[in-house]
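One structure is given here, and the rest of the page talks about it.
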Amino acid sequence: MRTDVTADVTPDVTTVATPEAAAAVRTEVAPEVTSVVRTDVAPDVTRDVTPDVTSIVRTDAITAVTRDVTRDVARDATTDVATDVATDVATDVATDVATDVATDVAIVGASVGGLTVAQALRRRGFAGSLTLIGAETELPYDRPPLSKQVLAGTWPAARTRLRDRAELDALDMELRLGRRAVALDQARRRITLDDGHTLRYGTLVVATGAHARDLPGRSGLAGVHTLRTLRDSERLREDLRTARRVVVVGAGVLGCEIAATARGLGLPVTLVEPAAHPMERLLGTDIGAALARLHTEHGVRLLLSTPVAGVEGEDGRVTGVRTASGTLVPGDVVVVAVGARPATRWLTGSGLTLADGVVCDDRCRAADRVYAVGDVARFGVTGPDDRGVRLENRTNATEQAVFVAADILGAEARYRPVPYFWSDQFQVRIQVYGSVPAGATVRVVEGSVADRRFVAHAEADGRLVGIVGWNAAARMRTARTLLDLAAPTA
Amino acid sequence: MSTTREDATPHITVEDDRCVAAGHCVVAAPEVFDQREEDGVVVLLDARPPASARAAVHEAVLLCPAAAIRWGDGPS
Ligand SMILES: Cc1cc2nc3c(=O)[nH]c(=O)nc-3n(C[C@H](O)[C@H](O)[C@H](O)COP(=O)(O)OP(=O)(O)OC[C@H]3O[C@@H](n4cnc5c(N)ncnc54)[C@H](O)[C@@H]3O)c2cc1C
Ligand code: SF4
């Protein structure tokens, strides 16, 4: 990882960076700070440390990938970071837990979860310093349009931006984009970035989301795609321009949306899925069957109950998808949409419990002063036998972020969201509150499935557990309250 | 910062072609937002809500899953 970065930026660094800056990268500032404080010369701290810190950030600025970021960091370097260290020092000497509120917050992952934590903290009056670190170089953007408007070509990429530059500036935070966290040292409350720099925190929020899962055998084949990032979406869109036959592997929410969007572009599309219905895990079998009809009517070729063995190619280009029973489903563009895996590799060895996500308690705490939000968080784990819940949806990311910001500032509630997601396919807006577990009884309470405008209730053990709506948004407003009322009081 | 915001009496804007009809805004601030009956798309009832609605509107800005609501120029 480090070599990647160096390869990209080496010329800049060697010409611009000062020897001090280079040295500072290798020197750890924190231990010096603590020793200065312990010998009771606190007033010197800022003066002693500031030069080092400034040079670290300047180096950062040099290596920063976009010009925007450079400007940002350079401007913030002398002010924010100096106070940063000063607050850290204060934390080290202070024994009162309450002073934690005033310490810095580092947020890793600059997408909707991470950014919303920053926004909610400021909203609630948090005046300490904030650092938001994100591996992607784009300003924080939203993912749902990537399989919809961006892929269809109806939105330019810039429309996916979550907040504009002025709004980000108003948050008064240090935004480090194109930077990846590679390690966490909990004992020292310090993270290491992919450029070798370290960052100390008072409170850490892990918001690193998830990566697209892949199929074995695809490596190096042109025409095979996964979809998670803006760049993925743009690359897939580019490939769809010249595609003759598209195969989508996986009829989860993402695969179904991609199939619908590609079909909307007029392309022949085959959707291959091991289960008997599309989105079966999310919609159950009855509504899943209605969704299958929707896709079939719009010309998608559905291959259900069809597990996939792998992707095949010739001369470096994909030729199709091989099913487990040996049939080749031909396609010159193949999209693999077989789920996501939480981005936790950088936390290996950190002491945090990782089990398909960062394991957290019902306040979303992974450890003392370490939180997780969004797709990466497995929250509500109360004991060794409790798997907790991990939600991969847009509303959970924001709700959990708002919750965590409040918890950092001293609220002590329990995070118990009503899960919610939506999906747009062939002019049908699907909305689901709660869940439709296997074996649930699904009853249409309003409208009709044939008209593709209905509300249905899912009941398990005689209790309302999920509400599904198709083109019934205004009718779905009470759904959350109904589910809250039906929830067991724990 | 807060004084400038008061003085400028910033108003709320919603981008209805972004709205995904999730209704979080209506739940958070029912006196400020509503949804269209036919497709659930947001309807702004009050672009300059009273101070009493402030916290609720900011909650809506944060929670809107389409980032479709903006309020003035301050951090939202
Ligand atoms: C194509 C697509 C369509 C979707 N459509 C819908 C929809 O219609 N409805 C719905 O409810 N949900 C939808 N979702 C899901 C929703 O977008 C996610 O739940 C949401 O993005 C989660 O936000 P997050 O901030 O937790 O994680 P992410 O959005 O995954 O962001 C995590 C960020 O952290 C960065 N990162 C990772 N590791 C590191 C590291 N070590 N150091 C620094 N940065 C790092 C990543 O680069 C990324 O930018 C969709 C998702 C996709 C991909
Ligand atoms: S919360 Fe956002 S997406 Fe939902 S109805 Fe309101 S404006 Fe639309």
Side-chain angles (χ1 to χ4, degrees), chain A residues 112 115-126 140-142 144-145 148-149 154-155 159-164 166-173 393-399 401-403 405 418 420-424 427 429 431 433 453 469 471-481, chain B residues 1-8 10-45 49 51 53-76:
Chain A
V112 64
L115 177 61
T116 306
V117 171
Q119 290 178 294
L121 280 171
R122 289 295 188 230
R123 199 52 260 143
R124 283 165 164 73
F126 175 72
Y141 64 86
D142 211 4
K148 308 174 184 77
Q149 297 92 334
T154 53
W155 277 20
R159 273 214 86 179
T160 62
R161 263 186 213 156
L162 286 163
R163 298 290 180 231
D164 63 29
E167 289 168 311
L168 293 173
D169 284 347
L171 290 171
D172 190 22
M173 63 182 176
N393 66 58
R394 180 62 175 74
T395 42
N396 176 63
T398 37
E399 288 176 4
V402 169
F403 175 93
V418 172
Y420 169 77
F421 76 90
W422 80 95
S423 174
D424 299 331
Q427 276 77 55
R429 167 151 292 150
Q431 294 176 300
Y433 283 92
R453 186 179 283 276
N471 287 333
R475 296 263 171 275
M476 293 290 284
R477 218 179 305 162
T478 52
R480 196 198 273 246
T481 323
Chain B
M1 203 202 286
S2 55
T3 41
T4 16
R5 247 188 278 158
E6 297 288 357
D7 294 344
H11 62 282
I12 301 172
T13 53
V14 294
E15 287 175 79
D16 52 14
D17 63 337
R18 273 190 109 85
C19 170
V20 296
H24 289 66
C25 55
V26 186
V27 175
E31 64 286 13
V32 179
F33 303 101
D34 198 1
Q35 284 175 282
R36 291 203 299 240
E37 200 52 34
E38 65 275 22
D39 57 8
V41 166
V42 62
V43 177
L44 184 59
L45 301 176
R54 207 185 187 86
V57 171
H58 277 297
E59 206 70 3
V61 171
L62 282 177
L63 290 176
C64 169
I69 310 171
R70 297 206 141 55
W71 193 11
D73 51 2
S76 298

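Order of the sequence lines sets the chain letters (A, B, ...), proteins ahead of strands, with each chain counted from 1. Values reported hereafter were calculated over all heavy atoms of this structure, with side chains retained and with hydrogens, waters and symmetry mates removed.
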Atom of A:A473, atom of B:G40 and distance for their closest heavy-atom approach
CB-CA, 3.6 Å
Need one label for A:Q431: side chain, backbone, both or neither, based on atoms under 4.5 Å from any heavy atom in chain B.
side chain
With the side chain counted from C-beta on, respond yes when A:R475 and B:E37 share a heavy-atom pair under 4.5 Å apart, and no when they do not.
yes
Less than 4.5 Å to any heavy atom of chain B: does that hold for the side chain of A:T160, its backbone, both, or neither?
backbone
Non-hydrogen atoms of chain A under 4.5 Å away: do they reach the side chain of B:E38, the backbone, both or neither?
backbone
What closest approach, in Å, do B:A66 and A:R394 show between heavy atoms, and which atom pair accounts for it?
N-NH2, 4.2 Å
Of the backbone (N, CA, C, O) and the side chain (C-beta and beyond), which part of B:D34 lies under 4.5 Å from a heavy atom of chain A, both, or neither?
side chain
Can you give me the closest heavy-atom contact between B:V61 and A:R163, atom names plus distance?
O-NH2, 3.3 Å
If the test is side chain to side chain contact (heavy atoms under 4.5 Å, CB included), which one of A:D142, A:V112, A:T395 qualifies with B:P65?
A:T395
When you look at CD of B:E15, are more than 12 heavy atoms from neighbouring residues, nucleotides or ligands closer to it than 6.0 Å?
yes
Which heavy atom in B:R18 sits nearest to a heavy atom in A:R161, and how many Å separate them?
NH2-O, 3.7 Å
Counting only heavy atoms closer than 4.5 Å, note whether B:V20 contacts chain A via side chain, backbone, both or neither.
both
Taking all non-hydrogen atoms of both residues, which atom of A:V402 and which atom of B:E59 are closest, and how far apart?
CG1-OE2, 3.5 Å
Can you see which heavy atom on A:T398 is nearest to which on B:L63, and at what distance?
OG1-O, 3.8 Å
For residues B:D39 and A:N471, determine if any side-chain heavy atom of one lies less than 4.5 Å from a side-chain heavy atom of the other.
no
